[in-house]
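We count ligands from 1, going down the list as the structure has it; atoms in each ligand are counted the same way. Throughout, numbering of the chain's residues begins at 1 and tracks the sequence. Worth knowing before you read on, the calculation uses all heavy atoms, side chains too, and leaves out hydrogens, waters and symmetry mates.
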Amino acid sequence: MTVKLFSPYSIKGVTLKNRIVMSPMCMYSSHNEDGRVENWHRAHYTSRAVGQVGLIIVEATAVTPQGRISPQDLGIWSDAHVEGFHELVGLVKEHGAKIGIQLAHAGRKAVLEGEIIAPSAIAFNEKSKTPKEMTKAEIEETVEAFKKGAERAKKAGFDVIELHGAHGYLLNEFLSPLSNKRTDEYGGTAENRYRILREVINAIKMVWEGPLFVRVSANDYHEDGLTPEDYITFAKWMKEQGVDLIDVSSGAVVPAHINVYPGYQVSYSETIKHEAGIDTGAVGLITSPIQAEEILQNDRADLIFLARELLRDPYWPRTAAKELGVEIEAPKQYERGWL
Ligand SMILES: Cc1cc2nc3c(=O)[nH]c(=O)nc-3n(C[C@H](O)[C@H](O)[C@H](O)COP(=O)(O)O)c2cc1C
C-alpha cells in the first residue's frame with residue numbers, strides 16, 4: 001500500500017513533494033507595524049521547509065492596512081512589501097518546499113485604531129468595535145486591493161495563493177447571513193452574498209495563473225447560519241470560476257459553542273470534496289500521522305493542513321515518515337541524525 005501522505009500532489013504545474021501543508025498562522029511579528037517580513041518570519045517559515053513540509057502557507061496577510069487583524073500583521077498593500085516576501089520565498093524554496101500566501105482582509109474583526117469596515121454595521125461581540133457598513137465604492141476598492149495583492153504575490157515568486165474566506169473575516173462576513181444584512185446586490189440571496197468573493201476570484205484570475213485555494217468556514221454553528229450544505233453550492237461556484245482547492249475550516253463568524261475533537265472538521269472537507277467535485281484540504285486537530293493517512297486513504301481530502309502540531313514539531317514530516325515506515329530525504333546537513 002502506498003503511503004499517500006508522502007505521495008506528490010500536482011496542481012497547475014506546481015508539484016508538492018508530499019501532502020503536508022503548513023496551515024496559515026498569524027505570527028503578529030511585524031513589530032514596526034508596517035506589514036513587513038522580519039527575521040522571525042524568515043526563521044519560522046524556513047525551519048518548516050528544512051523540516052520537509054510540502055507546502056508552507058504564509059499567515060493571513062492584509063491587502064489593505066485597515067484589513068489587518070492587528071497592527072503587527074504582515075501586509076501586501078504596497079509595492080514596498082514585495083522585496084521582503086521575495087527573500088522569504090527564496091529561503092523556503094531553497095529547501096525544496098513550495099510556498100503560498102494567504103491574502104486576507106479582517107473586516108469587522110480588525111483590532112486597530114480608527115475606522116473598521118464590514119458588510120453591515122454589526123459588531124462581532126460586545127467587546128468589538130462596531131464597523132462601518134461598506135459603500136459600493138469601498139467594495140470595489142477592496143476587490144482591487146485583493147487583485148493588487150495577488151500581483152505582488154506573483155512578483156514575490158509565491159507558488160500558491162490562498163484567499164482567506166473563513167473565520168469571520170471580511171469575505172466570510174459577506175457570505176454569512178448572520179453578519180451580512182445588506183439590502184443591495186451584495187446581500188440577501190446566496191448569489192448576492194457570494195458576489196464579492198466572485199469578484200475577488202475573477203479579479204485575481206486576471207493577474208494570477210497559478211494554483212488558487214480558498215479557505216472557508218463550512219459551518220457557522222448557529223441555527224440561522226451557514227452549514228456544509230450551503231458550502232457545497234459555494235464550492236461549485238468556486239470550481240466553475242477556476243478555484244483549485246477548498247481549504248475547509250469552520251466557525252468564528254459569530255461567537256458560538258463548537259464541540260471540538262480530533263479531526264472535527266474533516267467530514268466537512270469530505271462533503272465538499274465529493275458533493276462539489278473539487279479538491280479539498282482538511283484541517284483542525286489533525287496531529288497524528290495515522291490520522292492524516294486515514295483521511296487521505298479514504299479520499300476525505302487531498303491535502304492535510306497542520307497548524308499547532310507544526311508549532312510543536314517543525315520536523316513533523318520526519319516524525320510521520322518514521323511512524324508510517326517511509327524513508328524521506330533528509331537535508332544533507334542533517335543526514336547523520338535523521339534516521
Ligand atoms: C497561532 C495561530 C494563528 C493562526 N492564524 C491563522 C491565519 O492567519 N489564517 C487562518 O486561516 N487560520 C489561522 N489559524 C488557524 C489555523 O490555520 C488552523 O486552522 C487551526 O489552528 C486548526 O488547526 P490545528 O488544530 O492543526 O492547529 C491560526 C491558528 C493559530 C494556532
Side-chain angles (χ1 to χ4, degrees), residues 5 19-30 35 37 40-41 44-45 47-48 51 53-63 67-76 85 88 99-107 109-111 146 149 153 158 160-173 175 197 212-219 221 231 245-253 258-269 272 280-292 295 301 303-314 316-317 319-320:
L5 191 59
R19 309 287 177 124
I20 304 167
V21 181
M22 180 176 185
S23 197
M25 279 178 281
C26 286
M27 290 288 111
Y28 309 110
S29 292
S30 291
V37 170
W40 174 261
H41 305 105
H44 168 69
Y45 291 112
S47 56
R48 276 67 190 179
V53 168
L55 171 66
I56 289 167
I57 303 196
V58 170
E59 68 203 71
T61 300
V63 296
R68 286 173 294 177
I69 301 164
S70 83
Q72 290 78 27
D73 285 15
L74 281 178
I76 197 158
F85 283 120
L88 181 64
I99 179 164
I101 184 166
Q102 189 182 51
L103 299 182
H105 190 299
K109 284 181 126 180
V111 183
F146 272 102
F158 282 101
V160 171
I161 289 179
E162 172 165 293
L163 285 176
H164 200 343
H167 304 165
Y169 297 112
L170 188 81
L171 297 173
N172 193 180
E173 288 161 21
L175 292 176
L197 182 53
L212 180 61
F213 297 1
V214 179
R215 174 166 273 201
V216 299
S217 273
N219 195 342
Y221 303 104
Y231 275 92
L245 181 137
I246 312 285
D247 166 12
V248 187
S249 188
S250 72
V253 77
I258 307 175
N259 181 24
V260 299
Y261 51 88
Y264 70 104
Q265 299 172 143
V266 176
S267 68
Y268 307 147
S269 157
I272 290 173
T280 59
V283 67
L285 277 180
I286 302 169
T287 54
S288 84
I290 210 107
Q291 184 191 6
I295 294 166
L303 295 176
I304 301 295
F305 285 60
L306 300 176
R308 289 163 293 181
E309 192 58 21
L310 276 173
L311 296 184
R312 291 185 278 268
D313 180 4
W316 191 87
T319 310

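When hydrogens are left out, the protein atom nearest atom 18 (C) of ligand 1 is A307 CB, 3.6 Å; that is the closest non-hydrogen contact. Closest protein heavy atom to atom 12 (N) of ligand 1: R215 NH1, 3.1 Å. Closest to atom 22 (C) of ligand 1 among all protein heavy atoms lies G284 CA, 3.8 Å. Atom 2 (C) of ligand 1 has M25 CG, 3.7 Å as its closest protein atom, hydrogens excluded (heavy atom only). The protein heavy atom nearest to atom 5 (N) of ligand 1 is C26 N, 2.8 Å. Regarding atom 9 (N) of ligand 1, its nearest protein heavy-atom neighbour is Q102 OE1, 2.8 Å. Nearest protein heavy-atom neighbour of atom 27 (O) of ligand 1: R308 NE, 2.6 Å.
Ion pairing between R68 and D73 fails under the 4.0 Å rule for side-chain N and carboxylate O.
Heavy-atom proximity to H167, at under 4.0 Å, picks out these atoms of ligand 1: 10 (C), 11 (O), 12 (N).
Here the CD1 atom belonging to I290 is positioned 12.0 Å from the CD1 atom belonging to I295, to the nearest 0.5 angstrom.
Of the polar atoms of A60, at least one N or O is found under 3.5 Å from an N or O of ligand 1, judged by distance alone. For a threshold of 3.5 Å applied to N or O pairs, the pair formed by L285 and ligand 1 contains at least one separation below that value.
Using 4.0 Å as the threshold, E309 has no heavy atom nearer than that to any atom of ligand 1.
Here the side chains of L310 and D313 are not in contact, with every heavy-atom distance at 4.5 Å or above.
Only the side chain of H164 comes within 4.0 Å of ligand 1, counting heavy atoms alone; its backbone N, CA, C and O stay farther away.
Between H41 and Y45, the ring-plane angle classifies as parallel under the 30° and 60° cut-offs.
Counting only N and O atoms by type, the side chains of T287 and R308 include no donor and acceptor under 3.5 Å apart. Defined by atom type and a distance below 3.5 Å, a donor-acceptor pair is missing between the side-chain atoms of S250 and Y268.
When A282, P24, S23 are checked for heavy-atom proximity to atom 7 (C) of ligand 1, P24 turns out nearest.
A donor-acceptor pair under 3.5 Å links the side-chain atoms of Q265 to the main chain of V283, judged by distance alone.
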Side-chain polar contacts of residues 164-173 - donor-acceptor pairs under 3.5 angstrom, sequence neighbours left out - could you list them?
from : atom 1 : to   : atom 2 : distance (Å)
H164 : ND1    : A166 : N      : 3.3
H167 : NE2    : S249 : OG     : 2.6
N172 : OD1    : H167 : N      : 3.2
N172 : OD1    : G168 : N      : 2.8
E173 : OE1    : R108 : N      : 3.1
E173 : OE2    : R108 : N      : 3.1

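For the side chain to side chain contact (heavy atoms under 4.5 Å, CB included) test with F305, the passing option among I20, L55, I57 is I57; the others fail.
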